[in-house]
Amino acid sequence: MKNIKLKLGAFAIVCAFIFSSCESELDLEPLTSQTSSNTFSDTAAYKQFMAKIYGGFSLRGQDTSGNFDDISGIDGNFSNYLRMLFTIQELSTEEAIIAWNDQTIHNINNHVWTSSDIFVTAMYARIYFQIGLANQFLRETEESVLDGRGNVDASLKTEISGYRDEVRFLRAFSYWHGIDMYGNIPLVDENDPVGAFLPKQATRKEVFEFVEAELLDIETRLPEPRQNEYGRADKAFAWMLLAKLYQNAEVYTGTAMDVEALNFTNKIINSNAYSLVPNYNYLFLADNDRNGAENEIIYPFLFDGITNAAFGGTTYLVHAAIGGTMDPAEFGVNGGWGGLRSTKGLVEKFDDISGDTDSRAMFYTDGQSLEITNPFDFTEGYAVTKYRNVDINGVQGSDASGNNVDVNFPVFRLADAYLMYAELYVRGAGGDATNAVNYVNLLRERAYGDASGNITASDLTLDFILNERSRELYWENHRRTDLIRFGQFSDVGVWPFKGGIPAGRTSESFRDLYPMPSAELNANPNLVPTPGY
């Protein structure tokens, strides 16, 4: 069911605290072509507004024309939330490198970004655009506001109350990205004023505690796992985000909360609402909302080749990973963009780099070299074939032109929860060795097709888990966060072209955080630069 992003319509968003440009100060005036009272005279607008917030992770703007992009100052296709997330979370690691030379994108590969970097700034803008939408939705749906409109009966009020919990989850999700990437950031909610308002900078710990409190409150009321419309928040969304928040708590706050992380990981696993799809490949196909992968995927970003056509999201992940001698038709698209591929730092994590043993090693090697000497040559580095715009029978997705894809992006899935359990067990949070080993082996048996790749308790080390997370979750936007949690991202850890040289080098420890954008520092005297930048 892809309804949540299919019915945005022409709803004129009534939002404040959004970015009019990722190179200018915060535009704190409401952006609207209708008054609030006119907009909500149609009670369907409440769900449409919520759909816009969900759609903000998949869409570039109010439509696909490029004339109404959510943020400006960067090409609208680049500005897509998921595409920006991939740039920040994957291109900064050994899992991906790009052949293009657009603006400062290789500074991300090379660990030399600055506070004026366009991609660092645009990701920040995307995060706060989503937060701004969520805050305005919550303002517009306060009980007293609804009562004042006179057209919201008790039944609709109950429905809207559920929408509010979902929107609070979505806001918490973006705030999590904010503290994960930028550290100390402004904390603004629906109770803050609209208009000429410059927010103060909160500590990472303060925002952590806000996100934690929000999630703990709403998880009691959200629908049971898999009991909401597909793609909409339920209890498991909140459990998984809480588990992620707690698993990285020592990074975010200086205090480990692994026991709490294990508690919520267990809630997901023990709900029995999710199961592994037997074929790993099915998770990344055009029909992954109905081929069995939907039983494993906890939270998807939804995409559709017809209704949200644009060159971000999974359309980017499919097209940009095709080049050289690859046949685009095999991927259900009309051409390759010759951009994204892997480094040997990812490839060599697999036991058999040909991919004949571990089926998760989805690499194209014909005409591709393992070594990279020229990062701008797509044929240097193995291509990644993980995302395909075809169904399990090889039939192309819904866009007959082959431009846009139907592949939903798996933000959270059960396999990740299994690996989180194993890591938390090794870190001493509790659990037991039998379960930890079993969960890992469930993934490896799927990957190998039998028990030949199974491990024992003695193999279950932190180094193994970090590598296994890469093997299972590469190109799913976890790697930078994982490397930082394991102390392997900046001043420890070397891979090809980290630091801008073929062999790689370490970078400064302050690069565990991206900088507060200089445009924000210039616009808001309450903000201070990120240390090191």
Side-chain angles (χ1 to χ4, degrees), residues 73-80 82-114 116-123 311-328 330-331 333-349 353 362-387 403 470 474-475 477 479-480 483 489-490 493-507 511 514:
I74 187 172
D75 179 88
N77 292 309
F78 276 101
S79 76
N80 168 266
L82 176 56
R83 184 164 170 172
M84 286 304 314
L85 201 57
F86 188 92
T87 296
I88 295 296
Q89 293 287 79
E90 294 288 351
L91 288 183
S92 60
T93 77
E94 81 277 37
E95 291 189 349
I97 194 167
I98 197 164
W100 307 337
N101 197 25
D102 294 275
Q103 295 177 292
T104 58
I105 199 161
H106 271 268
N107 289 350
I108 307 297
N109 271 148
N110 298 341
H111 279 227
V112 293
W113 56 80
T114 68
S116 61
D117 187 277
I118 187 65
F119 297 100
V120 171
T121 304
M123 183 75 254
F311 295 141
T314 50
T315 291
Y316 167 67
L317 295 181
V318 175
H319 278 282
I322 301 169
T325 63
M326 301 169 75
D327 180 3
E330 294 183 3
F331 296 83
V333 293
N334 57 13
W337 300 346
L340 299 172
R341 69 267 194 225
S342 65
T343 79
K344 70 177 182 180
L346 170 61
V347 175
E348 291 179 346
K349 288 181 173 62
I353 62 173
M362 302 169 76
F363 300 115
Y364 182 90
T365 61
D366 184 21
Q368 304 287 135
S369 64
L370 178 62
E371 298 289 342
I372 300 173
T373 58
N374 177 10
F376 302 103
D377 183 348
F378 179 85
T379 65
E380 295 189 13
Y382 285 177
V384 172
T385 62
K386 189 166 183 174
Y387 296 94
N403 277 324
S470 185
Y474 67 95
W475 283 34
N477 295 336
R479 191 58 177 171
R480 171 189 161 274
L483 287 170
F489 180 70
S490 56
V494 172
W495 53 82
F497 281 94
K498 180 183 177 183
I501 60 175
R505 64 167 176 81
T506 58
S507 58
R511 295 196 184 276
Y514 287 103

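Just so you know, these numbers come straight off a predicted model, no measurement behind them. Values reported hereafter were calculated over all heavy atoms of this structure, with side chains retained and with hydrogens, waters and symmetry mates removed.
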With sequence neighbours excluded, tell me which residues meet ring pair (Phe, Tyr, Trp, His ring centres under 6.0 Å) with [X].
{"X": "Tyr514", "value": "Trp113"}
{"X": "Phe489", "value": "His111"}
{"X": "Phe78", "value": "Phe119"}
{"X": "Tyr364", "value": "none"}

When rounded to the nearest 0.5 angstrom, what distance separates [atom1] in [X] from [atom2] in [Y]?
{"X": "Leu91", "Y": "Ile108", "atom1": "CG", "atom2": "CD1", "answer": "8.0 Å"}
{"X": "Asp117", "Y": "Gln103", "atom1": "CG", "atom2": "CD", "answer": "9.0 Å"}
{"X": "Ile98", "Y": "Glu90", "atom1": "CD1", "atom2": "CD", "answer": "12.5 Å"}
{"X": "Ile322", "Y": "Phe331", "atom1": "CD1", "atom2": "CZ", "answer": "5.0 Å"}
{"X": "Thr93", "Y": "Trp475", "atom1": "OG1", "atom2": "CH2", "answer": "10.5 Å"}
{"X": "Thr343", "Y": "Glu371", "atom1": "OG1", "atom2": "CD", "answer": "10.0 Å"}

Partner residues of Glu95 under the salt bridge (Lys or Arg N to Asp or Glu O under 4.0 Å) criterion, sequence neighbours left out: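 Listed in chain order: Arg479.
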Which residues satisfy the side chain to side chain donor-acceptor pair (under 3.5 Å) test with [X], sequence neighbours excluded?
{"X": "Asn334", "answer": "Asn403"}
{"X": "Ser369", "answer": "none"}
{"X": "Arg480", "answer": "Gln89, Asp180"}

Backbone N/O of Ser490 and side chain of Lys498: donor-acceptor pair under 3.5 Å: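 Yes.
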Donor-acceptor under 3.5 Å (Thr325 side chain, Asp366 main chain):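 Side chain of Thr325 to backbone of Asp366: a pair is present.
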Validation row, ring centre His106 to ring centre Phe376 under 6.0 Å: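 Yes, the ring of His106 comes within the 6.0 Å limit of the ring of Phe376, centre to centre.
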If the condition is side-chain contact (heavy atoms from CB on, under 4.5 Å), which residues does [X] pass it with, not counting sequence neighbours?
{"X": "Thr314", "answer": "Leu82, Phe303, Leu317, Val405, Val407, Phe409"}
{"X": "Ala320", "answer": "Trp100, Tyr316, Trp337, Leu340"}
{"X": "Val112", "answer": "Asn107, Asn110, Arg505"}

Listed once per pair and sorted, the salt bridge (charged side-chain N to carboxylate O under 4.0 Å, His left out) pairs that draw on residues 374-387, sequence neighbours left out: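 Sorted result for residues 374-387: Lys386-Glu476.
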